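We count ligands from 1, going down the list as the structure has it; atoms in each ligand are counted the same way. Atom set for the values below is all heavy atoms of this structure, side chains included, hydrogens, waters and symmetry mates excluded. Please read all numbers here as calculations on a predicted model, not as lab measurements.
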Amino acid sequence: MRILLTGAAGFLGSHLAERFLRDGHEVIGLDNFVTGSRENASLLSKHPGFRLIEHDISKSCYFDDPIDGVLHFASPASPVDYLELPIQTLKVGSLGTHNALGIALAKNARFLLASTSEVYGDPLVHPQPETYWGNVNTVGFRGVYDEAKRFAEAMTMAYHRHHAVDTRIVRIFNTYGPRMRPGDGRVVSNFIVQALRGDPLTIYGDGSQTRSFCYVDDEVDGIYRLFQSNRVEPTNIGNPNEFTILELADVVLEETGSGAPIESLPLPADDPKVRRPDISIARSVLGWDPRVDLREGIRRTIPYFREALGRSNAKARTL
Ligand code: UDP
């Protein structure tokens with residue numbers, strides 16, 4: 001297959017591109033490098049089956065080659081990024097999704113949308129099944145990401161129903177691992193970078209809010225299976241083991257052996273109090289289950305950040 005992957009130089013995009021390349025497929029990677037990294041792109045460029053096109057998918061583009069699959073992963077995904085890039089975030093989720101679906105329609109290609117657990121907002125149902133419609137503040141700062149992805153899901157289903165495009169929607173829950181930028185701003189990269197540098201670990205609020213963290217290899221395996229399945233409805237892919245942010249800080253301090261202190265910062269507006277995927281559907285339809293627990297995943301991630309910090313003076317980024 002020839003795959004068009006938007007956001008190929010990003011954290012998840014680059015891992016997913018590698019997965020397709022490893023299985024003998026060709027990948028055309030699109031990225032505008034707003035949050036994607038040149039390092040990821042040059043890693044991928046070593047594969048003969050990879051081609052990079054520097055382009056913003058919010059603007060239309062045309063391809064001469066046949067394309068069998070379009071996967072739309074381009075978007076800022078860290079709250080720190082979408083606070084800084086609100087318009088780009090709205091555009092890549094709306095116009096970008098429209099353009100990517102247009103390519104899938106023109107090429108008769110399968111389409112997969114990278115959606116998010118953020119469509120559930122600050123959830124009133126716990127854990128979150130795919131049937132839950134969510135609790136989102138449309139006008140809050142997170143609304144630019146949440147509503148863009150909700151629009152993207154609606155657009156994807158419209159192309160499926162109206163144009164018969166063969167579509168998939170993955171709702172991705174908090175994912176971490178090697179290749180996150182040290183300054184990404186999300187909690188796992190922040191805590192590991194802070195612990196390794198000896199900077200205080202910045203806990204927003206009292207740290208009792210929860211998240212369920214999925215190691216990147218598990219996440220990519222679930223997405224890959226979903227792409228190959230025939231399930232059109234949105235599908236949660238995430239690790240259902242739930243931790244408070246304070247528990248995460250403890251695991252990071254233990255695994256890095258760091259004596260860094262803890263610093264309290266205000267809780268950002270609309271920060272979801274709890275989050276945990278119901279993955280019954282992924283289990284039964286895809287035969288997928290995450291394998292890497294949090295401690296093991298953190299152990300696998302630390303050497304990457306140690307190396308990255310050895311090469312640059314990068315710091316964590318806070319809201
Ligand atoms: N968080 C924190 N310190 C940080 C970064 C994040 O306490 O330096 C908290 C944040 O308030 C949220 C959780 O960690 O409750 C996950 O935040 P992240 O930005 O990773 O992703 P989110 O799930 O909120 O999109």
Side-chain angles (χ1 to χ4, degrees), residues 10-12 35 75-86 89 93 114-123 126-128 134-137 140-150 171-177 179-197 199-216 219 236-253 256 258 260-277 294 297-298 301 305 314-319:
F11 162 53
L12 265 180
T35 56
S75 178
S78 165
V80 182
D81 285 327
Y82 53 78
L83 184 67
E84 271 178 23
L85 304 164
T89 302
S115 186
T116 170
S117 56
E118 283 280 326
V119 300
Y120 302 122
D122 188 3
H126 192 65
Q128 295 79 56
N135 177 40
V136 171
N137 175 4
F141 93 88
R142 303 177 82 102
V144 299
Y145 184 65
D146 303 8
E147 293 301 339
K149 292 291 190 182
R150 289 167 68 97
R171 290 186 179 152
I172 298 168
F173 285 66
N174 297 66
T175 303
Y176 68 97
R179 295 198 198 145
M180 291 184 96
R181 292 164 300 153
D184 175 280
R186 281 177 286 186
V187 69
V188 174
S189 54
N190 270 6
F191 284 2
I192 297 180
V193 167
Q194 288 161 339
L196 292 176
R197 290 174 50 93
D199 295 338
L201 271 62
T202 51
I203 296 207
Y204 301 163
D206 64 6
S208 65
Q209 68 273 33
T210 69
R211 293 294 185 274
S212 307
F213 299 99
C214 191
Y215 187 66
V216 64
E219 186 69 40
N236 290 340
I237 299 286
N239 189 319
N241 292 333
E242 185 180 7
F243 296 86
T244 66
I245 296 307
L246 273 173
E247 286 169 336
L248 172 70
D250 283 343
V251 172
V252 169
L253 288 174
T256 50
S258 167
I262 299 278
E263 180 188 349
S264 275
L265 292 181
L267 188 68
D270 304 328
D271 198 287
K273 284 177 268 313
V274 291
R275 180 181 292 155
R276 178 186 185 184
L294 180 65
I298 295 290
T301 306
F305 279 112
K315 287 186 182 162
R317 238 158 105 234
T318 53
L319 275 168

(message) Just to verify, what does F11 make a ring-ring contact (aromatic ring centres under 6.0 Å, His included) with, not counting sequence neighbours?
(response) H15

(request) Could you check K149 against E118 for salt bridge (Lys or Arg N to Asp or Glu O under 4.0 Å), going step by step and ending with a plain yes or no? (result) CA-CA 8 Å; K149 292 291 190 182; E118 283 280 326; over 6 Å; no

For residues 179-189, please give each side-chain donor-acceptor pair under 3.5 Å, one per line with the distance, not counting sequence neighbours.
{"from": "R179", "atom 1": "NH1", "to": "S14", "atom 2": "OG", "distance (Å)": "3.1"}
{"from": "R179", "atom 1": "NH2", "to": "E18", "atom 2": "OE1", "distance (Å)": "3.0"}
{"from": "R179", "atom 1": "NH2", "to": "E18", "atom 2": "OE2", "distance (Å)": "3.0"}
{"from": "R181", "atom 1": "NH2", "to": "D81", "atom 2": "OD2", "distance (Å)": "2.5"}
{"from": "R181", "atom 1": "NH2", "to": "D184", "atom 2": "OD2", "distance (Å)": "3.4"}
{"from": "D184", "atom 1": "OD1", "to": "R186", "atom 2": "N", "distance (Å)": "3.0"}
{"from": "D184", "atom 1": "OD1", "to": "R186", "atom 2": "NE", "distance (Å)": "2.8"}
{"from": "D184", "atom 1": "OD2", "to": "R186", "atom 2": "NH2", "distance (Å)": "3.0"}
{"from": "S189", "atom 1": "OG", "to": "R186", "atom 2": "O", "distance (Å)": "3.1"}

Polar pairs, ligand 1 vs protein, N/O only, below 3.5 Å.
{"from": "ligand 1", "atom 1": "3 (N)", "to": "T202", "atom 2": "O", "distance (Å)": "2.6"}
{"from": "ligand 1", "atom 1": "7 (O)", "to": "Y204", "atom 2": "N", "distance (Å)": "2.8"}
{"from": "ligand 1", "atom 1": "8 (O)", "to": "N190", "atom 2": "ND2", "distance (Å)": "2.9"}
{"from": "ligand 1", "atom 1": "8 (O)", "to": "T202", "atom 2": "O", "distance (Å)": "3.3"}
{"from": "ligand 1", "atom 1": "8 (O)", "to": "T202", "atom 2": "OG1", "distance (Å)": "2.9"}
{"from": "ligand 1", "atom 1": "11 (O)", "to": "Q209", "atom 2": "NE2", "distance (Å)": "3.3"}
{"from": "ligand 1", "atom 1": "11 (O)", "to": "D271", "atom 2": "OD2", "distance (Å)": "2.6"}
{"from": "ligand 1", "atom 1": "15 (O)", "to": "Q209", "atom 2": "NE2", "distance (Å)": "3.1"}
{"from": "ligand 1", "atom 1": "15 (O)", "to": "R211", "atom 2": "NH2", "distance (Å)": "3.3"}
{"from": "ligand 1", "atom 1": "15 (O)", "to": "D271", "atom 2": "OD1", "distance (Å)": "2.6"}
{"from": "ligand 1", "atom 1": "15 (O)", "to": "D271", "atom 2": "OD2", "distance (Å)": "3.4"}
{"from": "ligand 1", "atom 1": "20 (O)", "to": "V187", "atom 2": "N", "distance (Å)": "2.8"}
{"from": "ligand 1", "atom 1": "23 (O)", "to": "N174", "atom 2": "ND2", "distance (Å)": "2.8"}
{"from": "ligand 1", "atom 1": "23 (O)", "to": "R211", "atom 2": "NE", "distance (Å)": "2.7"}
{"from": "ligand 1", "atom 1": "23 (O)", "to": "R275", "atom 2": "NH1", "distance (Å)": "2.8"}
{"from": "ligand 1", "atom 1": "24 (O)", "to": "R142", "atom 2": "NH2", "distance (Å)": "2.9"}
{"from": "ligand 1", "atom 1": "24 (O)", "to": "R211", "atom 2": "NH2", "distance (Å)": "3.2"}
{"from": "ligand 1", "atom 1": "25 (O)", "to": "R142", "atom 2": "NH2", "distance (Å)": "3.0"}

(message) Among I203, I262, T256, V251, exactly one meets side chain to side chain contact (heavy atoms under 4.5 Å, CB included) together with F191. Which residue is that?
(response) I203

(request) Would you check if the side chain of E263 reaches a backbone N or O of D199 as a donor-acceptor pair within less than 3.5 Å? (result) no

(request) Not counting sequence neighbours, which residues clear side chain to side chain donor-acceptor pair (under 3.5 Å) with S115? List them please. (result) E153

